[in-house]
Number of protein chains: 2
Amino acid sequence: MEYGHSNLRSDVAARLRACRITPTAQRMQVGEVLFAARQHLTAEEVLRRLRTKGSRVSKATVYNTLNLFAERGLLKSLQVDAQRSAFDSNTEPHHHFQVEGSGELIDVDPGEVEFAKLPEGPPGTEVLGVEVVIRVRRLPS
Amino acid sequence: MEYGHSNLRSDVAARLRACRITPTAQRMQVGEVLFAARQHLTAEEVLRRLRTKGSRVSKATVYNTLNLFAERGLLKSLQVDAQRSAFDSNTEPHHHFQVEGSGELIDVDPGEVEFAKLPEGPPGTEVLGVEVVIRVRRLPS
DNA sequence: TTCCTTGCAAAACTTTTGCATTAAA
DNA sequence: TTTAATGCAAAAGTTTTGCAAGGAA
């Protein structure tokens with residue numbers, strides 16, 4: 001799931017094509033930012049990083065691209081707080097620690113969480129997945 | 001945790017006072033809407049219900065009041081999706097089903113979920129709580 | 001009086017959309 | 001050439017804020 005530096009570009013192109021997404025310059029740029037590592041980035045942060053790298057991509061395109069990637073399963077969208085969503089480049093099922101205050105998200109390996117009991121969905125529904133958020137507080141150092 | 005009809009008003013006043021919140025007319029109205037039952041309401045929905053009942057409370061006051069209640073532990077705030085948060089009148093630790101598409105939240109009794117394994121927080125943090133969201137899909141009827 | 005609360009409108013933010021331009025197939 | 005993607009600016013939606021007016025202590 002991680003990518004070395006030298007082949008990131010071609011891997012991004014391959015991933016996009018595998019999802020029937022035309023690998024345009026802007027989409028490649030967004031992909032290169034997000035797929036470089038497992039991370040949680042807001043749209044604003046993606047835009048900031050692209051601009052820092054000299055890209056002239058527009059805000060609308062960043063949003064369109066992130067939403068498209070999420071729709072096609074290349075990213076997962078997460079709610080950080082009331083006014084920010086983040087996009088998670090780790091699309092494998094997993095859980096999160098969420099730090100009180102900052103809202104920072106830290107991955108929890110799915111193997112770290114096991115259920116002894118879990119309900120079925122309400123009548124007329126089927127369960128799609130389970131996500132655990134472990135709220136933590138930074139201890140004063 | 002539930003309130004009969006006849007004593008809801010005085011119970012709301014008592015709950016507010018117990019949290020050192022001055023029970024003004026507007027805060028009582030918001031409390032009467034939310035504390036009437038266990039439910040998840042957006043700020044907009046609270047405002048709509050108040051207006052339907054003839055209240056002239058302003059949008060700013062609804063937001064201020066909901067945030068104040070949440071700060072003092074009378075409500076829990078939840079993220080429905082990227083652009084809506086809801087306020088949960090059930091402040092006991094519990095979990096949720098979330099219906100795909102609508103985002104509707106349905107309570108899961110904490111007794112329905114048991115962990116066989118759960119990690120400690122990352123170094124330098126302590127765990128405050130664990131929240132489970134079980135995503136479900138409505139089956140075509 | 002003094003402090004707190006409210007209402008209104010405007011501001012601040014995040015996210016989406018309409019439409020003309022440009023690039024891809 | 002035909003369709004799809006982009007950029008810009010504006011719109012839309014949610015939440016917050018500044019400040020004058022009103023109410024509680």
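When reading the values below, keep in mind they use all heavy atoms of this one structure, side chains included, and skip hydrogens, waters and symmetry mates. Here is how names work: the chains are called A, B, and so on, in the same order as the sequence lines, proteins then strands, and each is numbered from 1.
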Testing dA9(C), dT15(D), dT6(D) for proximity to the side chain of Ser85(B), the answer is dT15(D)

Which is more 5' along DNA chain D, the nucleotide nearest Gln26(A) or the one nearest Asn67(B)? Just name the residue.
Gln26(A)

In whole angstrom, give the distance that lies between atom CD of Gln79(A) and atom C1' of dT14(C).
12 Å

Looking only at the side chain of Ala60(B) (C-beta and beyond, no hydrogens), which of the listed nucleotides dT17(D), dA9(D), dT6(D) gets closest?
dT17(D)

What is the distance, to the nearest angstrom, from the CG atom on Asp81(A) to the P atom on dC13(C)?
13 Å

Between P of dA10(C) and NZ of Lys59(B), the distance in whole Å
14 Å

Does Val136(B) reach the side chain of Gln98(B), with side-chain heavy atoms less than 4.5 Å apart?
no

How would you label the contact of Asn64(A) with the nucleic acid (heavy atoms, under 4.0 Å): base, sugar-phosphate, or nothing?
base

Is any side-chain N or O of Thr24(A) closer than 4.0 Å to OP1 or OP2 of dT6(D)?
yes

For Glu71(B) and dT5(C), give me the distance from atom CD to atom P, rounded to whole Å.
12 Å

Which one, dC8(C), dT14(C), dT6(D), comes nearest to the side chain of Ser58(B)?
dC8(C)

Closest of dT6(C), dT6(D), dT14(C) to the Glu44(A) side chain is dT14(C)

Just checking, any donor-acceptor pair under 3.5 angstrom between side chains of His40(A) and Asn90(A)?
no

Check: Phe87(A) and Thr65(A) side chains under 4.5 Å, non-hydrogen atoms
no

Is there a side-chain polar atom (N or O) of Thr22(B) under 4.0 Å from OP1 or OP2 of dA25(D)?
no

For dT6(C), does either OP1 or OP2 sit under 4.0 Å from a side-chain N or O belonging to Arg56(B)?
no

What is the separation between atom CD1 on Ile21(B) and atom C1' on dT5(C), rounded to the nearest whole Å?
13 Å

Rounded to whole Å, how long is the line connecting atom CG of Leu16(B) with atom C1' of dC4(C)?
15 Å

Side-chain contact check for Tyr63(B): nearest option of dT15(C), dT15(D), dT6(D) is dT15(D)

Does the side chain of Thr61(B) pick up a donor-acceptor pair with the side chain of Gln26(B) at under 3.5 Å?
no

Could you state the CD-C1' distance from Glu45(B) to dT15(D), rounded to the nearest angstrom?
17 Å

If we only count heavy atoms from C-beta on, is the Val12(A) to Val30(A) side-chain gap below 4.5 Å?
no

Thr61(B) has a side chain; which of dG7(D), dT6(C), dT15(C) sits nearest to it?
dT6(C)

Can you find a side chain N or O atom of Arg84(A) that sits less than 4.0 Å from OP1 or OP2 on dC13(C)?
no

Rounded off to whole Å, could you give me the CG-to-P distance for the Leu66(B) and dT6(C) pair?
12 Å

